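Report on one structure; see the data block that follows.
Quick note on labels: first sequence line is chain A, next is B, and so on, each numbered from 1. On a predicted model such as this, the values are computed, not experimentally measured, just so you know.
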Number of protein chains: 4
Amino acid sequence: MAAPARKKPVKRRRSPIQSRGQVTVDAIVEAAAQILAKKGPAAATTNAVAARAGVSIGTLYQYFADREALLREIGRRHVAEMQAVLAGALTGMEGLALPAAVDRLVSAIVAMHRVAPRLHQALHQSLARDHLDTIDAFEVAVEAMVASALVGRGDDLDLPHPELTATVLVRGLGGLIRTTLRREPERLDDPALALAMRAMILGTLGESRRKG
Amino acid sequence: MAAPARKKPVKRRRSPIQSRGQVTVDAIVEAAAQILAKKGPAAATTNAVAARAGVSIGTLYQYFADREALLREIGRRHVAEMQAVLAGALTGMEGLALPAAVDRLVSAIVAMHRVAPRLHQALHQSLARDHLDTIDAFEVAVEAMVASALVGRGDDLDLPHPELTATVLVRGLGGLIRTTLRREPERLDDPALALAMRAMILGTLGESRRKG
Amino acid sequence: MAAPARKKPVKRRRSPIQSRGQVTVDAIVEAAAQILAKKGPAAATTNAVAARAGVSIGTLYQYFADREALLREIGRRHVAEMQAVLAGALTGMEGLALPAAVDRLVSAIVAMHRVAPRLHQALHQSLARDHLDTIDAFEVAVEAMVASALVGRGDDLDLPHPELTATVLVRGLGGLIRTTLRREPERLDDPALALAMRAMILGTLGESRRKG
Amino acid sequence: MAAPARKKPVKRRRSPIQSRGQVTVDAIVEAAAQILAKKGPAAATTNAVAARAGVSIGTLYQYFADREALLREIGRRHVAEMQAVLAGALTGMEGLALPAAVDRLVSAIVAMHRVAPRLHQALHQSLARDHLDTIDAFEVAVEAMVASALVGRGDDLDLPHPELTATVLVRGLGGLIRTTLRREPERLDDPALALAMRAMILGTLGESRRKG
DNA sequence: CATGAATGAGGATTCATTCAT
DNA sequence: TATGAATGAATCCTCATTCAT
């Protein structure tokens, strides 16, 4: 088994304010993320991570209480990156007409999932159920974001349950993208798929307008 | 007396010719599935499985070449069960009008995902990429099934790319259901969600009719 | 968290950079050699070796990729020791008359085989055929050495096929000594046996001189 | 480890006088010998032997108290076969002149070692030190046989210590042949080697005649 | 007598984690 | 702080052996 998770005591370790430690932490996190993405959770042993980061195993434990803590930190950073990509891809959507806005949304969500799909999956595989919080919280936030975007369009798109619609869209699109990424990664570049996703969104919005 | 020896992976193990053996195999598979579902892959050690099944570890290895083989068998059985549920929930759909048929499809896919969601997730986490075949094959089959159902409706639903639409629907719906199952399992009983899924399907179908 | 995973055999292990490590390695090798010699290969389990060496099993695996690697290292050291003994026992043979030289050779080969006969046999029993290289290479080297010694004596001993004669002598003498060591170890001190070996060598040399 | 050898109690099992059992025993012994010879001691597990013999593991234990007992029986039969070959190759040596007799002896001993060299080696590897008796006894007998043959030649070969000479010859020749068999099996057909062995014997005999 | 399912002690190996230097 | 040698519980898996049928 990879992570026995022998203990509960959540020992905090120093949070590096000095740059020296920050560099070290970054190296460790980066090394772990790379191994995770390239070889999967089983290969991401603490010793392997330390070796690839060029630090000793002792140093790793100076900054992370245990393996799980390291994984959680990776999750945190991964989510932050997804968020940044998403935010970037969504800016200036206010003025757009609905079809253009939908195109924008589609490509934004696709872009977000492209950030580091292998890492994304590896994190899902390696984090214990009780530590997916960060990722879950992000997904909730995305749904809220899309919901408010839907509301923001006003009468243009008068939806009876915008949150619900947002949930369906975000989770549906997300699932579609993740499944595709796992089984046919190259297909994500197929314009036909983008069109189909667009149709799904537009159709769902249109259909949701009348009855909820 | 001599040295151990690393041996070539001879995968096959005895397949039970006595009924006694079949009972044992079932007990093992059942035990493993339960542990997997309740405590996740890390807890499903071969020893734990044997103990819960009430057999010795040696017996487990009499029927399964290694831990992976056991997991694969569980995957096979799980998929078979999903398939059975899906097939059962889809019978007699030919005569139905589109909205009723969609309702039927939605509840069928939901039912299918309800089979053993924790186990489903655990299998995805534990099986190495090269052993998800069985599950992947099933998902492909479901998409094909839905595609042919779409084609089968004829002019009623004249779609330019029925396979693509089926893919989008099945993966989208699947992702939506799985995410919901993981994060808000009780919500899957919410009629509002069912309606929203219906809207998504109907909308997607309607929108896909014109441009592909 | 994730599944165990069978991994590619990465053979190399840390080679000690601190002297502490060297001490540990020596202790492990020494312990293994002792068990091997006293109780045979079956008793030389990695756990038993670690215990006798006074280190944990983990430490053993820090220095040896697997059990075979440890055995091979023992083989290497054993051969080195035999070589040293042989070289020591053969120095200054050039000036000697043939009978004296033969006496010297006999006692050298006997001494070489006395180094650690039980270990010698245990190694032959435990090493897989593909890892007897080191030992075989040494035996070849010994034959070559003796062959060149035979050639070196010049007209004094004009042999038609010195390599062949060396092979016969070394293998014959070796087998004689090993068999005796195994069945009647004390007899190796019997001067009569030494004389008989001498007779065998001198006789063989004499007889080989004419026809090859 | 291959054979834990957990116990000492030498439980006798039925010795089959009826032909049915004899056939079974033969099948088992034959199967074990083949596996031993082809794949080495580690592959000769009791289950593998039973499978190859076409009987159940239970049946194997009906005839052999434990794995060691089976190995010992194989040893016994192997030795008997060697003995038969040796005896056959030595018949009618009385009338021969010394050189011809020596040729005969050489080819007899070579033939004896050719019987089943892989099995021979496997037996040496797998039998615990305390169970090599049968093989050792045979070797002693061979030495005695040769000694008496030497004595039998009378004045023709007036040796001061015929037993010692026989020992040296038999063990030396044996070692030479076994080493060659292991390292350069094809070379045993080389006529030059036969000549060299002949020279060794003749020379040894000649040299031993004067001083012992 | 034969069968083969079941047993479980024992062996090799891994890896998260600690701690003396 | 950093290091890396050392730890040992935990895991997978094998195989000689038993015994109910």
task: May I ask you to verify if any side-chain N or O of C/Thr46 is less than 4.0 angstrom from the OP1 or OP2 atom of E/dG11?
output: no

- request: May I have the step-by-step check of side chain to side chain contact (heavy atoms under 4.5 Å, CB included) for A/Glu68 and A/Leu127, ending in yes or no?
  value: CA-CA 7 Å; A/Glu68 275 272 287; A/Leu127 281 171; 4.0 Å; yes

- request: For side chain to side chain contact (heavy atoms under 4.5 Å, CB included), just list the numbers for C/Thr46 and C/Leu70, CA-CA rounded to whole Å, side-chain angles, deciding distance to a tenth of an Å, and then say yes or no.
  value: CA-CA 9 Å; C/Thr46 51; C/Leu70 169 57; 5.6 Å; no

query: Which value, rounded to the nearest 0.5 Å, describes the distance between D/Asn47 atom CG and D/Ile57 atom CD1?
result: 4.5 Å

query: Between D/Phe64 (CZ) and F/dT18 (P), how many Å, whole number?
result: 16 Å

query: Counting only side-chain N and O atoms of D/Thr59, is one of them less than 4.0 Å from OP1 or OP2 of E/dT3?
result: yes

query: Among F/dT1, F/dC13, F/dT18, which nucleotide sits nearest the side chain of D/Ile57?
result: F/dT18

field: Position toward the 5' end of DNA chain E (nearest nucleotide), D/Val55 or A/Ala48
entry: D/Val55

Under 4.0 angstrom between C/Tyr61 side-chain N/O and F/dG8 OP1 or OP2: no

task: Please state whether the phosphate of E/dA2, meaning OP1 or OP2, lies under 4.0 angstrom from any side-chain nitrogen or oxygen of D/Ser56.
output: no

- prompt: Tell me: CD of C/Glu68 to C1' of E/dT13, nearest whole Å?
  reply: 15 Å

statement: Taking for B/Asn47 and for C/Gly58 the nucleotide of DNA chain E with the nearest heavy atom, the one nearer the 5' end belongs to B/Asn47

statement: CG of D/Leu123 to CZ of D/Arg76, rounded to nearest 0.5 Å, is 11.5 Å

- line: Between A/Gly54 and C/Gly54, the residue closer to the 5' end of DNA chain F by nearest nucleotide is A/Gly54

message: As an exercise, state the distance from CD of A/Glu30 to CD1 of A/Ile74, rounded to the nearest 0.5 Å.
response: 9.0 Å

message: Any side-chain N or O of A/Thr45 below 4.0 angstrom from OP1/OP2 of E/dT14?
response: no

- prompt: Rounded to the nearest Å, what distance is computed from the CD atom of residue B/Gln22 to the P atom of nucleotide E/dG4?
  reply: 17 Å

- request: Give, for atom CD1 of C/Ile135 and atom NE2 of C/His78, the distance between the pair rounded to the nearest 0.5 Å.
  value: 6.0 Å

query: Mind pulling the stems DNA chain E is in, i.e. runs of at least three Watson-Crick or G-U pairs, everything under 3.5 Å?
result: E:2-21 with F:2-21

- prompt: Could you give the CZ-to-P distance, from D/Arg67 to F/dT14, as a whole number of Å?
  reply: 16 Å

Closest to side chain of C/Thr24, choosing from F/dA6, E/dT13, E/dT7: F/dA6

message: Rounding to an integer number of Å, can you tell me how far B/Tyr63 OH sits from F/dC12 P?
response: 20 Å

Main-chain N/O of D/Thr134 paired to D/Arg72 side chain as donor or acceptor, under 3.5 Å: no

query: Atom CD of B/Gln62 to atom P of E/dT3: distance rounded to whole Å?
result: 16 Å

Whole-Å distance separating the CG atom of D/Asp66 from the C1' atom of F/dC15: 14 Å

- line: In whole angstroms, the gap separating P of E/dA12 from CG of C/Leu60 amounts to 10 Å

